[in-house]
Amino acid sequence: MNTTFAVLKNLESNEKISTLDLGIEDPNLHGILLSLSSKNIIEFEIKDHMIHTLSDEGIHTVDNGSHEYNFHSSIPEGGIPVGDNSNPIGRSQAFNNRWIKIQNDMIYKKEENILDTVRNQLQSLNILTVQELSNLKKRNLITSKRSNYYIISRGPQFGKSTEDLQINITSEDIINNTTLNLKPFNFNTVGNFPEFGNFHPLNKMRTEIKNVFIEMGFSEMSTDHYVETSFWNFDSLFQPQDHPSRDSHDTFFVDSKKKIEVPLDYFRRVKEIHEKGGFGSTGHGNNWKEAEAHKLILRTHTTAESARKLYEISQNEFKPMKLFSVDRVFRNESVDATHLAEFHQVEGLIIAKDLKISHLMGILEEFFKKLNMPQIRFKPAFNPYTEPSMEVFAYHEGLDRWMEVGNSGIFRPEMLRPMGFDEDVRVIAWGLSLERPAMIKYKLNNIRELLGHKVDFEFIKNTGLCSFD
Ligand code: PHE
């Protein structure tokens, strides 16, 4: 019989019923009762009690009699020798019960007529005292477990149709002031846990790195030029027009006639420094083409944004500043386990008078220490826009090796002087990818697990907080 039907049918003739008496053993019983009570058809309370069942040995005892009874029955009139050890359990229980006695090293019956109490108890478990049950349990003749049952009574809606109970309140109900016959809320149901968004590990890393810069007193630069002119990306940085990185093999060119305006005076001074030099530099001595500088590209580094910012600063009264940026850059690379065609750069710079390479080394030590890379080394390097230039290596304890983590230098006078800065103004700067520390932090070997169409949503969901300790 269907459980719902059985419960309701029984309630028709009984005010209160117990599922114990009904003998219902439906595993869905709890859910069915919750559903009926949420419609106010029934009310119920949960009780619990112990259920005792015979163990294998208990069943054997019921069939064959207890050990002590059998031991007692097996003793002949002449007794059995004390040394006989064929039924040790029966013998010691029979002693405890004072059914037997020892005389002259022989065991004799003390009582002739005895009752097999244990066997009788096992046949009527539900009338035993707690003490008796506990003895049987100690002898492993029964097992006990706690079990729920329900006492059910009629609810206010019992016997009434519940079909017309309303689930939602509509705007019309409110406007018309309708008398509502609402289905009661069921506060016992467990709701679905809602799906929610997760921060991408690179976002977490970016936030942490921003916090490090902010702790060190840096302000953020704006970086809103994904599409950039070659002028700000290369020329303003004194990168010659025939430099290999300006090749379409390394840079994405944007097929557009749109022109991004550049400040004319400054544009001319950049042409001059490239072609003829100045401020003590011989320049590149090449033929600098305006059209080349106007070509639109996807910026290959955030240093293009630093150049824009420095030009802006040069137009105002000088004051020292610490600036940083974190944003996306694009390179026409073939994609492999450690390279993507787009990634993120972190860039920091300090502009002040008379800065030296020792300032740069000191600030890098401080910065990387805060990223939990306390051991760093510098290696002389070359960048078209910095002199001197240094690559930064950090020791990775887990991998037991030195890894390249960044690039740095002092911006060349050929970059700063055409902007209009005085001779003693220096800019120390460094850059690193955001992906590298993220891969170290989240123990990834393949950058494609971090960014791009192969990223696994589960991975994003499960990456922990980013902290550098
Ligand atoms: N722009 C450099 C790069 O793309 C990083 C860098 C920034 C180097 C500032 C020196 C100074 O790797």
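Throughout, numbering of the chain's residues begins at 1 and tracks the sequence. All heavy atoms count here, side chains included; hydrogens, waters and symmetry mates do not. When a ligand or atom number is given, it counts from 1 through the structure's own listing order.
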Taking only non-hydrogen atoms of A429 and a 4.0 Å limit, the atoms of ligand 1 in range are 9 (C), 11 (C)

For N383, the atoms of ligand 1 under 4.0 Å from one of its heavy atoms are 8 (C), 10 (C)

Could you check whether R269 pairs with E272 (Lys NZ or Arg NE/NH1/NH2 to Asp/Glu carboxylate O, under 4.0 Å)?
no

Residues N203 and H200: side-chain donor-acceptor under 3.5 angstrom:
no

Per-atom filter on ligand 1: closer than 4.0 angstrom to a heavy atom of Y385 are 1 (N), 2 (C), 3 (C)

Within the 4.0 Å heavy-atom cut-off, what W430 brings close to ligand 1 is backbone

Logged contact type for V329 with ligand 1, heavy-atom cut-off 4.0 Å, is neither

For R331, the ligand 1 atoms with a heavy-atom partner under 4.0 Å come out as 4 (O)

Under 6.0 Å between the ring centres of F324 and F218?
-> no

If you compare H301, M390, Q345 by their heavy atoms, the one closest to atom 12 (O) of ligand 1 turns out to be Q345

The closest protein heavy-atom partner of atom 5 (C) of ligand 1 is G431 CA, 3.9 Å

Short version for S389: what comes under 4.0 Å of ligand 1, heavy atoms counted, is neither

Exercise. Are the side chain of S18 and the backbone N or O of I151 linked by a donor-acceptor pair below 3.5 Å?
Worked result: no

| task | Answer yes if the ring centres of F213 and F367 are under 6.0 angstrom apart, and no otherwise. | result | yes

The atoms of ligand 1 lying under 4.0 Å from a heavy atom of T303, numbered in the order shown, are 1 (N), 7 (C)

side-chain contact (heavy atoms from CB on, under 4.5 Å) with I428: of I357, L360, L364, only one passes, and it is L360

Check: Can a donor-acceptor pair be found between the side chains of E347 and T302 at a distance below 3.5 Å?
Finding: yes

